[in-house]
Structure formats: C-alpha cells, structure tokens
Asker: 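Handing you this structure, nothing more for now.
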Amino acid sequence: MMKDYIKHVLIGTPLEKPAKTLQFLLNYNRRLRHPELEEIYLESKRIEQVMKCEIGISSNCIDIGAHLGSMLSEILRLSPNGRHMAFEPTPQKACWLKQKFSGVRY
C-alpha cells in the first residue's frame with residue numbers, strides 16, 4: 001500500500017512525468033519478454049491522446065475506478081471549468097482522492 005501512496009502523492013506534481021518515464025525505462029526488459037502485451041503497454045498513452053481530443057475546457061467528466069487519481073488529474077488539467085465526479089471502491093484510496101482533489105464529487 002505504501003507504493004500506491006507514493007504514486008498517488010506524485011500524481012499531479014512536476015515529478016509525475018519524470019516518474020512515468022523512469023517507470024517506462026525500468027520496465028524495458030519486461031516489455032521485451034512479452035511483446036504480445038505491446039497493446040496493453042500503449043493503452044495509457046492512447047487514452048491520454050483521446051482525452052486531449054475529446055475533453056474541452058468546460059467538459060463534465062466522470063472517473064469510474066479512479067484508483068490513484070492519474071486520470072482524474074488529467075481530467076482536471078484538461079477541463080478546469082467542468083464539474084467532475086470520481087468513484088473509487090477501495091476506502092483507503094477513496095480517502096486519498098478526497099484529500100487531494102477536493103473540488104471533485106465522490
């Protein structure tokens with residue numbers, strides 16, 4: 001749970017992108033061993049690209065299964081004037097999200 005908390009703390013900060021880059025580099029051998037999973041490894045980048053195209057400055061969004069808040073952070077960055085909702089069934093993670101993203105309804 002400590003690893004998840006550290007990831008959660010980094011989300012939405014200037015350290016988020018370098019941490020993602022480092023994680024990508026550290027997983028290089030795993031990606032080589034499992035080329036059949038290439039589409040899964042590309043999923044986050046593709047989701048971010050679609051979000052950039054589809055979410056406007058005042059779009060209203062719902063994040064179902066908000067986990068640690070990475071997509072929620074991106075939603076808030078892309079749509080600062082929208083109204084947003086997030087659902088996270090894990091109580092501890094939901095608590096972290098409520099503390100970090102106070103302007104979001106849960």
Side-chain angles (χ1 to χ4, degrees):
M1 199 58 131
M2 184 59 140
K3 183 179 167 183
D4 283 345
Y5 181 73
I6 291 169
K7 286 181 180 181
H8 165 73
V9 169
L10 291 175
I11 291 170
T13 70
L15 295 175
E16 180 181 11
K17 223 168 217 357
K20 281 184 177 182
T21 302
L22 180 60
Q23 182 180 24
F24 180 81
L25 293 172
L26 291 174
N27 287 327
Y28 178 74
N29 285 335
R30 185 183 308 171
R31 289 192 312 277
L32 282 179
R33 283 194 312 267
H34 301 285
E36 71 278 8
L37 300 177
E38 181 181 4
E39 294 296 319
I40 292 172
Y41 294 129
L42 296 173
E43 186 176 285
S44 292
K45 287 283 186 201
R46 290 179 176 163
I47 290 172
E48 287 179 17
Q49 290 171 341
V50 169
M51 288 172 67
K52 285 178 186 175
C53 292
E54 297 297 325
I55 297 177
I57 195 160
S58 59
S59 295
N60 300 320
C61 303
I62 301 172
D63 186 355
I64 299 173
H67 189 51
L68 301 174
S70 60
M71 291 296 143
L72 187 56
S73 176
E74 185 70 6
I75 287 168
L76 291 167
R77 187 183 71 75
L78 293 170
S79 179
N81 298 334
R83 294 176 60 193
H84 312 294
M85 295 179 74
F87 297 96
E88 174 50 50
T90 308
Q92 184 63 50
K93 292 177 184 176
C95 182
W96 295 342
L97 291 169
K98 287 176 186 175
Q99 291 172 354
K100 187 165 192 164
F101 304 106
S102 59
V104 175
R105 291 186 56 198
Y106 295 91

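Because the structure is predicted, anything quoted here is derived from the model rather than measured. Residue indices begin at 1 and follow the sequence shown.
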Asker: Extract all donor-acceptor atom pairs below 3.5 Å that involve side chains of residues 34-44 and protein atoms in other chains or at least two apart in sequence.
Answerer:
| from | atom 1 | to | atom 2 | distance (Å) |
| --- | --- | --- | --- | --- |
| His34 | ND1 | Glu36 | OE2 | 3.3 |
| Glu39 | OE1 | Arg46 | NH1 | 2.4 |
| Glu39 | OE1 | Arg46 | NH2 | 3.4 |

Asker: With rounding to the nearest 0.5 Å, note down the distance linking CD in Glu88 to SG in Cys95.
Answerer: 11.5 Å
Asker: Under 3.5 Å, side-chain donor or acceptor atoms of residues 16-24 against the rest of the protein: list the pairs with distances, not counting sequence neighbours.
Answerer:
| from | atom 1 | to | atom 2 | distance (Å) |
| --- | --- | --- | --- | --- |
| Glu16 | OE1 | Gly12 | N | 2.9 |
| Lys20 | NZ | Glu48 | OE2 | 3.3 |
| Thr21 | OG1 | Lys17 | O | 3.1 |

Asker: Quick one: name the residues clustered hydrophobically with Ile47, using the 4.5 Å side-chain heavy-atom rule over I, L, V, M, F, W, Y, and just say none if it's on its own.
Answerer: Met51, Ile55, Met71, Ile75, Leu78
Asker: Quick one: side-chain hydrogen bond (donor to acceptor under 3.5 Å, both in side chains) pairs with a partner in residues 65-85, sequence neighbours left out?
Answerer: His67-Lys93, Glu74-Arg77
Asker: Does any non-hydrogen side-chain atom of Leu68 lie less than 4.5 Å from one of Trp96?
Answerer: yes
Asker: Taking all non-hydrogen atoms of both residues into account, name the closest pair between Gly56 and Ser59 and its distance.
Answerer: N-OG, 2.7 Å
Asker: Using the side chain to side chain contact (heavy atoms under 4.5 Å, CB included) criterion, which residues pair with Leu32? Sequence neighbours excluded.
Answerer: Tyr28, Asn29
Asker: Strictly distance-based, threshold 3.5 Å: is any side-chain N or O of Ser102 a donor or acceptor partner for the main-chain N or O of Gln99?
Answerer: no
Asker: If you draw a 6.0 Å radius around CZ in Arg31, do more than 12 non-hydrogen atoms from other residues or ligands fall strictly inside?
Answerer: yes
Asker: Considering only heavy atoms from C-beta outward, does the side chain of Asp4 approach that of Gln92 to under 4.5 Å?
Answerer: no
Asker: Identify the heavy atoms of Ile64 and Ile62 that sit nearest to each other, and give their distance.
Answerer: CG1-CG2, 3.7 Å
Asker: With sequence neighbours excluded, tell me which residues meet side chain to side chain contact (heavy atoms under 4.5 Å, CB included) with Tyr106.
Answerer: Leu72, Ala86, Leu97, Lys98, Phe101, Val104
